[in-house]
Amino acid sequence: MMTATVSRLPGDVAFWDEFLAAVRQRLGETTKFSREEPLAAKTTIRIGGAARLYAEPGSVRDFQTLMVAAAAAGIPVFPLGRGSNLVVPDEGVAGLVLSLAHEAWAGFEPRVDGLLWVGAGLRLKNLCGLAAKVGLTGFEFLEGIPGNVGGALRMNAGAMGGWMFDVVEEVRFISLDGTLRTASRAELHVDYRHCAELQTAIALGALLRPVAPAEMESVARQIDVYKKKRQESQPRDPSAGCIFKNPPGNSAGRLIDQSGLKGERVGDAEVSPIHANFIVNRGSATSADLIALVRKIRKRVVDAHGVELEPEVLLFGKEWRDVL
Ligand SMILES: Cc1cc2nc3c(=O)[nH]c(=O)nc-3n(C[C@H](O)[C@H](O)[C@H](O)COP(=O)(O)OP(=O)(O)OC[C@H]3O[C@@H](n4cnc5c(N)ncnc54)[C@H](O)[C@@H]3O)c2cc1C
């Protein structure tokens, strides 16, 4: 039993070491499992510390082993996609980070019934590219979103007028207790940048419904149009995408811009001069810099417009309300 072998407190280095040693021997050879894995390079904004425990499970069984063991030891679990909607705290993450980086989760399987099965670890860019190659259309709007399918499901990512769940038929996920489940779109509670079920479960893959087949050239043309639009409107510096959700009927970027905040900095965290709803890392920003800048923006926007902006980007392993 995990609880019998792991006897120390989470503040204690040995607690994590013992968990790793006890669980590693039960995992398959292709599953990476490590201690103090640096996370900054696994995120697009390149900020933050290490994960006390980090794994890239290579099979459903290993996911289950890790999740059941973590639950038994009282260790919180945090799924990681491509880290494009996350800020990792400077002190790192006190838990088990489960990444979908293993190739087992990057599947792309068109089916004879016209539907498309994709793994949660498949990059959205690859989903669009592969779909275009086989003449499947309807995913072009996802092309420039730098996440993978799992992150896009959890966030109900959206762009160019489309949302991830517009194309979802069903999602396969694993709950914190290790139970494997498939839920149809209708069974899932989906909202703006949110899928309720995936707050407490890890998506492993999804069945998608393409729209009517189209010529490869026209799909590629549409992708180019979206790409150009993005290149013109978004910064290239490291960021975590839009930092705040758009308030109902309003634009967070416009409110921040109108509050005179473009170019505002705390340390190396800067409100992008190109798109005011992006905070960019100018070199060696810390999460403390970014959080201080988020506070500053929120205060200025409340003072100028009476609107309280809610972060869209997630603080990995923490709640914004605890730091703002
Ligand atoms: C330059 C830039 C442009 C962007 N443009 C857009 C845009 O146009 N539209 C948009 O919606 N977003 C945009 N984003 C934000 C981000 O790319 C999306 O939210 C994306 O869907 C996140 O995917 P990810 O794999 O990077 O998830 P991560 O950032 O790794 O994770 C995000 C959240 O999902 C959880 N998660 C990750 N994988 C899973 C899984 N398999 N199961 C359950 N939970 C999981 C994580 O724990 C975390 O809570 C942009 C980001 C950047 C940097």
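Counting starts at 1 for both ligands and their atoms, following the listed order. Values below: every heavy atom of this structure, side chains too, minus hydrogens, waters and symmetry copies.
Closest approach of V307 and V302 over heavy atoms only: O-CG2, 3.4 Å. Taking all atoms of both residues into account, the shortest heavy-atom contact from L261 to V301 is CD1-CG2, 4.4 Å. Closest heavy-atom contact between H102 and E56: CD2-O, 4.1 Å. Summarising the geometry of F141 relative to R230, their closest heavy-atom pair is O-NH2, 4.4 Å, with the distance given to 0.1 Å. Minimum interatomic distance between R298 and L324 (heavy atoms only, all atoms of both residues): NE-CD1, 3.6 Å. Here the shortest heavy-atom pairing between F139 and C128 reads O-SG, 3.0 Å.
The shortest N/O to N/O separation between G158 and ligand 1 falls below 3.5 Å. Between E312 and ligand 1, not a single N/O pair is under 3.5 Å apart. Where the criterion is an N or O separation shorter than 3.5 Å, residue side chain and backbone included, S239 fails it with respect to ligand 1. Considering both main-chain and side-chain atoms, A203 comes within under 3.5 Å of ligand 1 through a nitrogen or oxygen pair. Every N/O-N/O distance between A120 and ligand 1 stays at or above 3.5 Å. Of the N or O atoms in G81, one or more lie within a sub-3.5 Å distance of an N or O in ligand 1. For the pair L314 and ligand 1, the shortest N or O to N or O distance does not fall below 3.5 Å.
Close approach of ligand 1 to A159 is summarised as follows: ligand atoms under 4.0 Å from at least one heavy atom of the residue are 8 (O). Of all atoms in ligand 1, listed by their number and element, those nearer than 4.0 Å to a heavy atom of I202 are 41 (N), 42 (N), 43 (C). Distances below 4.0 Å separate heavy atoms of Q234 from the following atoms of ligand 1: 1 (C), 3 (C). Proximity to G147 (heavy-atom distance under 4.0 Å) selects the following atoms of ligand 1: 17 (O), 23 (O), 24 (P), 25 (O), 26 (O). Residue contact check: G241 has heavy atoms under 4.0 Å from atoms 2 (C), 50 (C), 51 (C), 52 (C), 53 (C) of ligand 1. The distance from ligand 1 to the heavy atoms of L80 drops below 4.0 Å at these ligand atoms: 30 (O). Listed by number with element, the atoms of ligand 1 under 4.0 Å from a non-hydrogen atom of P146 are 2 (C), 3 (C), 4 (C), 17 (O), 50 (C), 51 (C), 52 (C), 53 (C). Less than 4.0 angstrom separates some heavy atom of M155 from each of these atoms of ligand 1: 19 (O), 33 (C).
Closest to atom 12 (N) of ligand 1, if we only count protein heavy atoms, is I145 CG2, 3.9 Å. Of the protein's non-hydrogen atoms, the one nearest atom 15 (C) of ligand 1 is N85 OD1, 3.4 Å. The protein atom (non-hydrogen) at minimum distance from atom 22 (C) of ligand 1 is S84 OG, 3.4 Å. At the shortest separation from atom 34 (O) of ligand 1 among protein heavy atoms lies R154 CG, 3.0 Å. Among all protein heavy atoms, the one lying closest to atom 5 (N) of ligand 1 is R230 NH1, 3.2 Å. The shortest contact between atom 38 (N) of ligand 1 and any protein heavy atom is with G151 N, 3.6 Å. Nearest protein heavy-atom contact of atom 28 (P) of ligand 1 is G83 N, 3.6 Å. Among protein heavy atoms, atom 31 (O) of ligand 1 sits closest to L86 CG, 4.0 Å.
Within the model, atoms CG of D237 and CD1 of I274 stand 7.0 Å from one another, a figure rounded to the nearest 0.5 Å.
Salt-bridge formation is detected for the pair K318/E91: a Lys NZ or Arg NE/NH1/NH2 atom is positioned less than 4.0 Å from an Asp or Glu carboxylate oxygen. The pair K32-E37 counts as a salt bridge, with a side-chain nitrogen and a carboxylate oxygen less than 4.0 angstrom apart. Note on R209 versus E170: no salt bridge recorded, every NZ/NE/NH1/NH2 to OD/OE distance being 4.0 Å or above.
Two rings, from F63 and W105, have their centers less than 6.0 Å apart. The six-membered or imidazole ring of F78 lies near that of F316, with a centre-to-centre distance under 6.0 Å.
Looking at N148, its side chain never comes within 3.5 Å of a backbone N or O of L122 through a donor-acceptor pair.
Using a 4.0 Å cut-off between heavy atoms, F78 makes no contact with ligand 1 at all. Residue contacts with ligand 1, taken as heavy atom pairs separated by less than 4.0 Å, involve T44 solely via side-chain atoms from C-beta onward. If you look at R82 next to ligand 1, the close heavy atoms, those under 4.0 Å, come from the backbone and the side chain alike. Counting heavy atoms under 4.0 Å from ligand 1, residue L100 touches it through the side chain alone.
Using bins of under 30°, 30° to 60° and over 60° for the plane-to-plane angle, the ring pair W163/Y192 lands in the tilted bin.
No continuous path of ILVMFWY side-chain contacts below 4.5 Å connects V23 to Y54, so the two sit in separate hydrophobic clusters. Linking ILVMFWY side-chain heavy atoms closer than 4.5 Å, directly or via other members, places M164 and L136 in a single hydrophobic cluster.
Every heavy atom of M164 sits 4.0 Å or more from the atoms of ligand 1. The closest approach between any non-hydrogen atom of A201 and ligand 1 is below 4.0 Å. Using a 4.0 Å heavy-atom cutoff, F316 is listed among the residues neighbouring ligand 1.
Of the residues listed (L153, N156, D166), the one engaging V190 in a side chain to side chain contact (heavy atoms under 4.5 Å, CB included) is N156, and it is the only one.
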